[in-house]
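Written below as structure tokens is the structure these notes are about.
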Amino acid sequence: MKFRIFRSAEDQTGAGAADPTESVRMGGQVLPEATSSKAASAVEARLEDATPVSGPTVVATPPTGPIKIAARDVSVFYDGKQALYDVSLDIPDKTVTALIGPSGCGKSTFLRTMNRMNDTIAGCKVTGRIAMDDEDINDRSIDPVLLRARVGMVFQRPNPFPKSIYENVAYGPKIHGLVSAKSEMDGVVESALKRAGLWEEVADRLQSSAMGLSGGQQQRLVIARAIAVNPEVILMDEPCSALDPIATARIEELIDELRERFCIVIVTHSMAQAARVSQRTAFFHMGRLVETGDTEDIFQNPRERRTLDYITGRFG
Amino acid sequence: MIWIYLLILTALSAAAFLGGRELARRRAVGAHPHSRPGQHGAYALIWVAAPALLVLILLSVFAAPLERQLTAAGTPDVVAELEHFRRDAFFADAHRVGRGEPALQIWERPLAEQLPVEARRMVRIERTLQWGGGAAAILAAILGGLFALTQIKPQTRARNRVEGWIYGALFICSAIAVLTTLGIIASLAFDSFRFFQKVPIFDFLFGAQWSPQIAIRADQVGSTGAFGAVPLFVGTMLIMSIAMCVAAPIGLLSAIYLSEYASRTTRAVIKPLLEILAGVPTVVYGFFAALTVGPILRVFFNEIGLFLMGGPLDGLGQYLALVQNQMALTAGAVMGIMLIPFVSSLSDDILNAVPQSLRDGSFAMGATKSETVKRVLLPAALPGIAGALLLAVSRAIGETMIVTMAAGLAANLTFNPLDTVTTVTVQIVTLLTGDQEFNSAKTLSAFGLGLTLFMVTLVLNIIAHRIVQTYREQYD
């Protein structure tokens, strides 16, 4: 029995609709109670003899393809209080990796270790090793400012600067001195906006304030701002949580397109979104990494009881 | 005496509250009362206390003039025929004798006989007024209480009525502040109008000479007075500009340090210290200016002057060697120091109001702290900071004590920071301190200056608050 929450050919043709365990779709969201209890109990029965209910062991299937970021035993402390416990995770390149889990499980904290944004929080300490292309990003020789030029970030709420649309996109190239001529900058801004799928909508008002855009447009502008400096990795912290379903769908399409060029890590609360946009999924719970693997596996054959409970909506 | 009445009234009010509550409880039996007994009690209390307090307030306002009227009305001709100020002195002495104290003056024959008589009469009048007023207050309390008792019924909306009274009381309290401001404006406007009848407003606003001395006697040496306020305005602007040149950069940069760079512990130490500095009385800054900064600056410039004298810049040297303690630079610099905590505290609040998400966004782009401050925070906070600086300007214009002590009194029309200048506020102080004749143009000119000052600072404050307000709304 499968959890039918993937976009597949069957969904498009409607062939899967006859299946009585087909999950109900509404506005792109999977309703938690939609997953059939019969199906769940079948998996539960298998789980009960397979793995203990909780424990430090992490169920992990290694990704195929080159690894971009390798985290080993990463722990994070806020003022001495531990928020993340010994997380080890491989993040492959040119792939979307989703970090899921209930609120406060440490997934955003883990995301912020990858561009050292935790450095900006007073009283925050990170231990363990995070290697990007086999280079420890917490090493003394690494300048966090330069690291962040290689690892872009998109936040939960759109946060364009109170400047013009053009200035927003040109911000990164300007502070990193990537371009010198005005015409060159125009080209960079245009291509970044095009890649973010925003060019058509703002081409005729580049000089007007970014604050006048809609929430979804602002979020795509922020993505354009991030990709304007040609990063290698893009971190997204619940990028759609402040957006309506239509704007969400556009961002998801965009993420799918960006996958070809960037390594993308996305934190999301929506399991349906994780299922739609990601190829790899990591499930966090209580500050620990519980299970990681190919998205399809995680959602269809969770090997940990907590993963099953979470993706079927028992908690979180 | 009034304390006894207040005590009685407090007791009556307490009784009204307890009685009203108890009565409401009894009358509510078997019915569905609208309000709870405590609210009925509060309503009864209000009806006891409010009328009595009103009577007492009226009494305290009108008792003294009434007493004077009554005393003057019954006085014998010998006293009534006295000169105005002598009669007042006589009544004052009668008052003292009535209270058993010795008279201040020795009065001649017919008056000396009248003194004890008048004293007894005054004591009588005073007693009558006090007893009568007190009795009226208690009567008002009792009448109010009786009315409240008739109102204690299950269907009375005591809760809403009490709320209404509270609304009224709060409204009156806030109205007092507004009305006082209006009163100040009215008195300023009235006296300024009298001034502008003597001196044309155009001469006042655009005249280049300020010399408010007027010859009192015809043969006195002195000018007839010149009321051109431009030197004062220029002096005020000069000192304000110097102060802002000191306060704006230092205040702003320390605000940036506090809000963006300082660690939590540093901030916890420096911020309260700055706020204490803001509470130092300006007269202390005045001291500092007049006794420390002034002499240091004078010696500094005098030394330069002595060095330059005889050389190619002899003229400049001659001038610098004669620079005085009191100069615009001293007052301006110290006023700037006074304004630093004001500017930095306001700017710090404004920088903190910029959402953290903008900082995160900028850091995540690989910007350093100073790039974030320069390219994101300051542009975002600019309107608010402009508002804060305008508020500082308005304080600098209105500041009095430092300039009085450190800037001098000579109304020079100059932009030279080493000259003594005088400001609007200093002139108001000198015009209105000491014995003054309240009908001369000299004294009245203070009101003209005051009105101008008031208008300028009012407009500045309105603009500044408007700017800060719209800026805050932007991020709410």
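So you know, we letter chains A, B, ... as the sequences are listed, proteins then strands, and number each from 1. Hydrogens, waters and symmetry mates play no part in the numbers below; they use all other heavy atoms, side chains included.
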Ion pair A:Lys194/A:Glu190, N-O distance below 4.0 Å: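 Yes, A:Lys194 and A:Glu190 are salt-bridged.
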Exercise: do B:Ser362 and A:Tyr171 side chains pair donor with acceptor under 3.5 Å: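 A donor-acceptor contact under 3.5 Å links the two side chains.
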Side chains of A:Arg220 and A:Gln217, donor plus acceptor under 3.5 Å: no
Segment of B:Ser263 engaging chain A (4.5 angstrom heavy-atom cut-off): neither
Heavy-atom contact with chain A under 4.5 Å, split by part of B:Arg375: both
Contacting moiety of A:Arg225, where chain B heavy atoms sit under 4.5 Å: both
Chain B contact via A:Val151 - side chain, backbone, both or neither, heavy atoms under 4.5 Å: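 Contact with chain B is through the backbone of A:Val151 alone.
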Test side chain to side chain contact (heavy atoms under 4.5 Å, CB included) applied to A:Ile165 and A:Pro160, A:Ser208, A:Ser209, the passing residue: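 Testing each of A:Pro160, A:Ser208, A:Ser209 against A:Ile165, the sole residue satisfying side chain to side chain contact (heavy atoms under 4.5 Å, CB included) is A:Ser208.
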